[in-house]
Amino acid sequence: SNTGLAIDIDVQSPQNAQPLVNNGHENYSLIFSDEFNDAYVNPYKWNVQDAFYRDRGDIKLRADGRQIEEKEGHLFIYYHMDADNADTYYAGRIDSKNKYAPTYGFLEARMHVVKPDGHQAAFWMMPQGNGMSVPEGVDGTANDGAEIDIVESNKTTSYSTGLHWDGYGADHKGKGGNISALGMHDTEYHVFGFEWSDTFLRWYFDGELVREETDPKLIPHVPQYIYFSGSMWGNSNWVDGSILTNPLIQGGGIDEAYIDYVRVYQPAVEPQPDNTTINSGKVWYDTNGKRINAHSGGIFFHNGVYYWY
């Protein structure tokens, strides 16, 4: 759940950290973070998936837990081929299900994503509840939860953002968004942001707003947990290249994506003015929170004379 407890915030996060938005934004407060500066994955925040399996037909994709590692100030996602089975490949997956799931907020990750050649890295969210389950979650909207893709690095000069709701079967609905990002793989890091309120969804790339949704049917209003994952494909139109011809992977090598930090913010709550008491030397507010411009006097009696001041 979205606890907002101090344990949710990494003590190594910068004080007064704010999300990267180039054109300004309201003041935010940090409510969750992981700077990945430890030598282990924090078990109070994350689940490392150790039994993932998906049969894509021409390849089999697995994760057994060994494809996630926290070291050197980063969370690493590893990609490799099985040494004994040429049709089996491994890519790491980690999520915060049942440990941290905010409702609304500004999510941000500074990441190095793989340049796709049959593989991708993803930063996304899933509903804590049954919003993507069938038939419970089928209501024609994303209000009860959705797959929210903040980034899927599936193309060389662009990347994918996406929304999926009402499950993955016959009732599935979705709305994609392909974000042009020429030269994105010429730079080691990028900051991917997602601003989620009860009236809009906004995607950011290095501080620039690149997508916005305001249709009420597309906005989840339930807790959603955080997900980082690697994935691979053989022959597919989804991703550039094919893992079957990826020279590094086919040569027995290991590719890697890595996350520098993930942070979640919420709009800062401004202190409310006190309009119930009058204190010397303090601003006095009326019932609408407006300053009262007032002057006062006093009287004192001394040696038979009354003085006004």
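The analysis underlying the following values was restricted to heavy atoms, covering all of them including side chains, and did not include hydrogens, waters or symmetry mates.
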Open item on the list: Measuring from atom CG of Asp206 to atom OG1 of Thr187, what distance do you get when rounded to the nearest 0.5 angstrom?
Closed with: 7.5 Å
Task: Reported NE2-to-OH distance for the pair His112 and Tyr258, which is rounded to 0.5 angstrom - done: 4.0 Å
TODO: Measure the OH-CD distance between Tyr40 and Glu70 for me, rounded to the nearest 0.5 Å.
DONE: 8.0 Å
Open item on the list: In the structure I gave you, are the side-chain heavy atoms of His119 and Asp117 within less than 4.5 Å of one another anywhere?
Closed with: yes
Open item on the list: Please report the interatomic distance CG(Asp166) to OG1(Thr141), rounded to the nearest 0.5 Å.
Closed with: 6.5 Å
Open item on the list: Run the side chain to side chain donor-acceptor pair (under 3.5 Å) test on Asp240 and Thr156 for me, step by step, so that the C-alpha distance in whole Å, both residues' side-chain angles and the decisive distance to 0.1 Å come before the verdict.
Closed with: CA-CA 7 Å; Asp240 281 352; Thr156 305; 2.9 Å; yes
- [ ] With rounding to the nearest 0.5 Å, note down the distance linking OG in Ser242 to CE in Met232.
- [x] 11.0 Å
Which pairs would a plain distance check flag for residues 217-228, meaning a side-chain donor or acceptor within less than 3.5 Å of a matching protein atom at least two apart in sequence or in another chain?
| residue | atom | partner | partner atom | Å |
| --- | --- | --- | --- | --- |
| His221 | ND1 | Tyr104 | OH | 2.7 |
| His221 | NE2 | Ile219 | O | 3.3 |
| Gln224 | OE1 | Ala146 | N | 2.9 |
| Gln224 | NE2 | Ala146 | O | 2.8 |
| Tyr227 | OH | Gln49 | NE2 | 2.4 |
| Tyr227 | OH | Arg93 | NE | 3.3 |
| Tyr227 | OH | Arg93 | NH2 | 3.4 |

- [ ] Taking Thr161 for its side chain and Gly177 for its backbone only, find out whether a donor-acceptor pair lies under 3.5 Å.
- [x] yes
Task: Interatomic spacing from CD in Gln266 to CG in Leu30 - rounded to 0.5 Å - done: 9.5 Å
Open item on the list: So if I apply the side chain to side chain contact (heavy atoms under 4.5 Å, CB included) rule between His164 and each of Lys173, Met126, Met132, which one comes out positive?
Closed with: Met132
Task: 4.5 Å side-chain heavy-atom contact, Ser96 and Lys45 - done: no
Open item on the list: Tell me if a side-chain donor or acceptor on Tyr90 pairs with a main-chain N or O of Tyr78 at a distance below 3.5 Å.
Closed with: no
Task: Residues forming a ring pair (Phe, Tyr, Trp, His ring centres under 6.0 Å) with Phe192, sequence neighbours excluded - done: Tyr159, Phe205
Open item on the list: Would you say CG of Asn16 has more than 12 non-hydrogen atoms from neighbouring residues, nucleotides or ligands within 6.0 angstrom?
Closed with: no
